[in-house]
Amino acid sequence: HVLVTFVRKHGTNQIVLLSLKDGSVRVLQNLAGLRTPLRMKFSPDGRYIAYDSPTGERSTDWDIFVLSADGRTRAAVVKQPGHDLLID
């Protein structure tokens, strides 16, 4: 699987898993407005996904989030004013 972001015309962006085997797509997280991550990464064990995202549609502040690989739980792990980005 590959992590990708779908940018939808109706104003919702999505974090999805794209299967390289059969091309199927599984939506993990819907993101309102123009909030699109710059970077997304799997944890070493594949159970979680870390990503950065703007805190609001017109905000210059970014936070870092962790999402379970099944898309069920999400938590902000770096939440403060500023431009917090996930590093490589």
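What you see below is based on every heavy atom in this structure, not just the backbone, and it leaves out hydrogens, waters and symmetry mates.
Shortest non-hydrogen contact noted between R47 and S43 is N-OG, 3.3 Å. Nearest heavy atom pair, residue G46 against residue A69, reads O-CB, 3.4 Å.
A donor-acceptor contact shorter than 3.5 Å is absent between the side chain of S19 and the backbone of S24. H1 places no side-chain N or O within donor-acceptor distance of the main-chain N or O of L20, the cut-off being under 3.5 Å. The closest donor-acceptor contact from the side chain of D84 to the backbone of I64 lies at 3.5 Å or more, if one exists at all. A donor-acceptor contact shorter than 3.5 Å links the side chain of D52 to the backbone of L86. Looking at D61, its side chain does come within 3.5 Å of a backbone N or O of G82 through a donor-acceptor pair.
In this structure the side chain of F42 reaches within 4.5 angstrom of the side chain of L17, judged on heavy atoms. Counting heavy atoms from C-beta outward, L28 and L67 have side chains that approach closer than 4.5 Å. Residues L38 and W62 are in side-chain contact: their nearest non-hydrogen atoms beyond the backbone lie under 4.5 Å apart. Within the 4.5 Å cutoff, side-chain heavy atoms of F6 are placed close to those of V25. In this structure the side chain of V77 never reaches within 4.5 angstrom of the side chain of F65, judged on heavy atoms.
The distance from the CZ atom of R74 to the CD atom of Q29 is 5.0 Å, given to the nearest 0.5 Å. Here N30 contributes atom CG and N13 contributes atom CG; the two are 9.5 Å apart, rounded to the nearest 0.5 Å. Remark: T5 OG1 to L31 CG distance equals 7.5 Å, nearest 0.5 Å. Between the CE atom of M40 and the CD1 atom of I15 there is a distance of 5.5 Å, given to the nearest 0.5 Å.
Contacts of Y48 classified as ring-ring contact (aromatic ring centres under 6.0 Å, His included), with partners at least two apart in sequence or in another chain: none.
At a threshold of 4.5 Å between side-chain heavy atoms, the hydrophobic network of Ile, Leu, Val, Met, Phe, Trp and Tyr places V27 and V4 in one connected group.
The number of heavy-atom neighbours closer than 6.0 Å to CZ of R39, taken from other residues, nucleotides and ligands shown, is above 12.
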